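Report on the structure given below.
These numbers come from a predicted model, not from an experiment.
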Amino acid sequence: MERISWNQYFMAQSHLLALRSTCTRLSVGATIVRDKRMIAGGYNGSIAGGVHCSDEGCYVIDNHCVRTIHAEMNAIIQCAKFGVPTEGAEIYVTHFPCLQCCKAIIQSGIKTVYYAVNYKNHPYAIELFKQAGVAVEYVELVDMPLDVNSQEKREFVSEILEKVSTTDINEVELKSLYDIANRLFLQENKSSR
């Protein structure tokens, strides 16, 4: 049996955390790791007990949602809250950190940033990481065992099949298409358990 790499393991954890995000503009997850152990995780969302973007919309000022705390900040704050040291740790983030998160990462003593998606990579953040000796590495998530868009895919396939059913297609062909779609999503549901 071939095991996934540590980078894939921790990046998958960050993508899983992103599923908890309550910001409708972008879902981000972050996992802080020390000595191959997860010490904290965070996702972008509102303050504890606060109003969520997913409920009332984003509160945007200067093209930034100010209602949310970024995933990296949430993970770092979680370490501070519970007295877990971050010196020499690594952070796995679904998206390249913003400038403010870059500074928090540096100040917290994290020495390596792994990210899966280029996202408005600020040149000054890149420069600051270099100045601070923080390694930055792109790690694409190769295979996500969970499909984060399965409901959207089901709805899309249903819509297509409905449209196809109104065209000149015989019942056997239409049933075959429905059977294939059902089988694909049934397999997906079994593999995600």
Side-chain angles (χ1 to χ4, degrees), residues 3-55 58-59 64-122 124-146 148 192-193:
R3 298 190 305 170
I4 64 173
S5 70
W6 286 113
N7 280 348
Q8 290 298 303
Y9 174 73
F10 295 126
M11 192 57 76
Q13 176 67 30
S14 294
H15 282 273
L16 188 61
L17 282 161
L19 295 175
R20 292 278 308 152
S21 171
T22 59
C23 186
T24 56
R25 297 181 82 205
L26 184 68
S27 296
V28 180
T31 305
I32 299 177
V33 174
R34 194 178 56 244
D35 300 324
K36 301 290 185 239
R37 300 287 181 258
M38 291 179 271
I39 59 173
Y43 52 88
N44 58 330
S46 303
I47 60 166
V51 173
H52 297 293
C53 298
S54 55
D55 295 330
C58 292
Y59 182 8
H64 294 283
C65 179
V66 296
R67 180 171 306 204
T68 59
I69 301 169
H70 290 187
E72 303 93 322
M73 292 286 205
N74 265 330
I76 291 168
I77 292 167
Q78 186 180 80
C79 285
K81 184 176 182 178
F82 295 106
V84 179
T86 53
E87 186 68 37
E90 304 169 317
I91 189 167
Y92 288 79
V93 190
T94 57
H95 296 73
F96 190 88
C98 73
L99 186 55
Q100 298 306 316
C101 287
C102 158
K103 291 187 274 187
I105 288 167
I106 291 168
Q107 289 301 96
S108 70
I110 291 172
K111 290 299 177 195
T112 308
V113 174
Y114 298 98
Y115 70 98
V117 177
N118 287 304
Y119 183 74
K120 301 180 181 180
N121 302 25
H122 199 286
Y124 190 53
I126 295 167
E127 183 183 328
L128 287 176
F129 280 140
K130 283 180 186 173
Q131 285 178 16
V134 174
V136 178
E137 187 177 327
Y138 171 77
V139 174
E140 180 181 20
L141 182 62
V142 177
D143 185 25
M144 182 65 170
L146 298 173
V148 297
S192 66
R193 289 184 186 158

Hits for side-chain hydrogen bond (donor to acceptor under 3.5 Å, both in side chains) against S27, two or more places apart or cross-chain, chain-then-number order -> none
Not counting sequence neighbours, which residues clear side-chain hydrogen bond (donor to acceptor under 3.5 Å, both in side chains) with S46? List them please.
none
If every non-hydrogen atom of [X] is compared with every non-hydrogen atom of [Y], which pair is closest and at what distance?
X	Y	value
V84	R34	CG1-NH1, 4.2 Å
C65	C58	SG-CB, 3.7 Å
A89	I32	CB-CG2, 3.8 Å
G42	A75	N-CB, 3.9 Å
T94	A18	CG2-CB, 4.3 Å
C79	A40	SG-CB, 3.5 Å

Indicate yes or no: at least one non-hydrogen side-chain atom of [X] is less than 4.5 angstrom from one of [Y].
X	Y	value
Y59	C53	no
E90	F10	no
V33	R37	no
I76	I105	yes

Once you round to the nearest 0.5 Å, how far does [atom1] of [X] lie from [atom2] of [Y]?
X	Y	atom1	atom2	result
L141	I4	CG	CD1	8.5 Å
L17	Y92	CG	OH	14.0 Å
H70	Y43	NE2	OH	15.0 Å
I69	I47	CD1	CD1	7.0 Å
M73	K103	CE	NZ	8.5 Å
D55	R67	CG	CZ	9.0 Å

Please check if the side chain of [X] supplies one atom and the backbone of [Y] the other of a donor-acceptor pair under 3.5 Å.
X	Y	value
Q8	E140	yes
S21	C23	yes
N44	V28	yes
E72	A30	no
T86	I110	no

Give the ring-plane orientation class for H122 versus Y124, where under 30° counts as parallel, over 60° as perpendicular and anything between as tilted.
perpendicular
Can you check whether Y119 and F96 have ring centres sitting under 6.0 Å from each other?
no
Y115-Y138 aromatic ring centre distance below 6.0 Å:
yes
Go through the side-chain N and O atoms of S14 and T31 and say whether any donor and acceptor fall under 3.5 Å apart.
yes
Let me see the working for M38 and Y9 under side chain to side chain contact (heavy atoms under 4.5 Å, CB included), right down to the final yes or no.
CA-CA 10 Å; M38 291 179 271; Y9 174 73; 3.4 Å; yes
Mind running side chain to side chain contact (heavy atoms under 4.5 Å, CB included) on V134 and V113 for me, showing each step along the way?
CA-CA 7 Å; V134 174; V113 174; 3.9 Å; yes
Any chance CZ of R20 has more than 12 other-residue heavy atoms, nucleotides or ligands included, within less than 6.0 Å?
no
Take I126 and N121 through the side chain to side chain contact (heavy atoms under 4.5 Å, CB included) test and state the conclusion after the steps.
CA-CA 7 Å; I126 295 167; N121 302 25; 4.2 Å; yes
Start with the C-alpha gap between I91 and Y114, add the side-chain angles, then the distance that decides, and say whether side chain to side chain contact (heavy atoms under 4.5 Å, CB included) holds.
CA-CA 6 Å; I91 189 167; Y114 298 98; over 6 Å; no
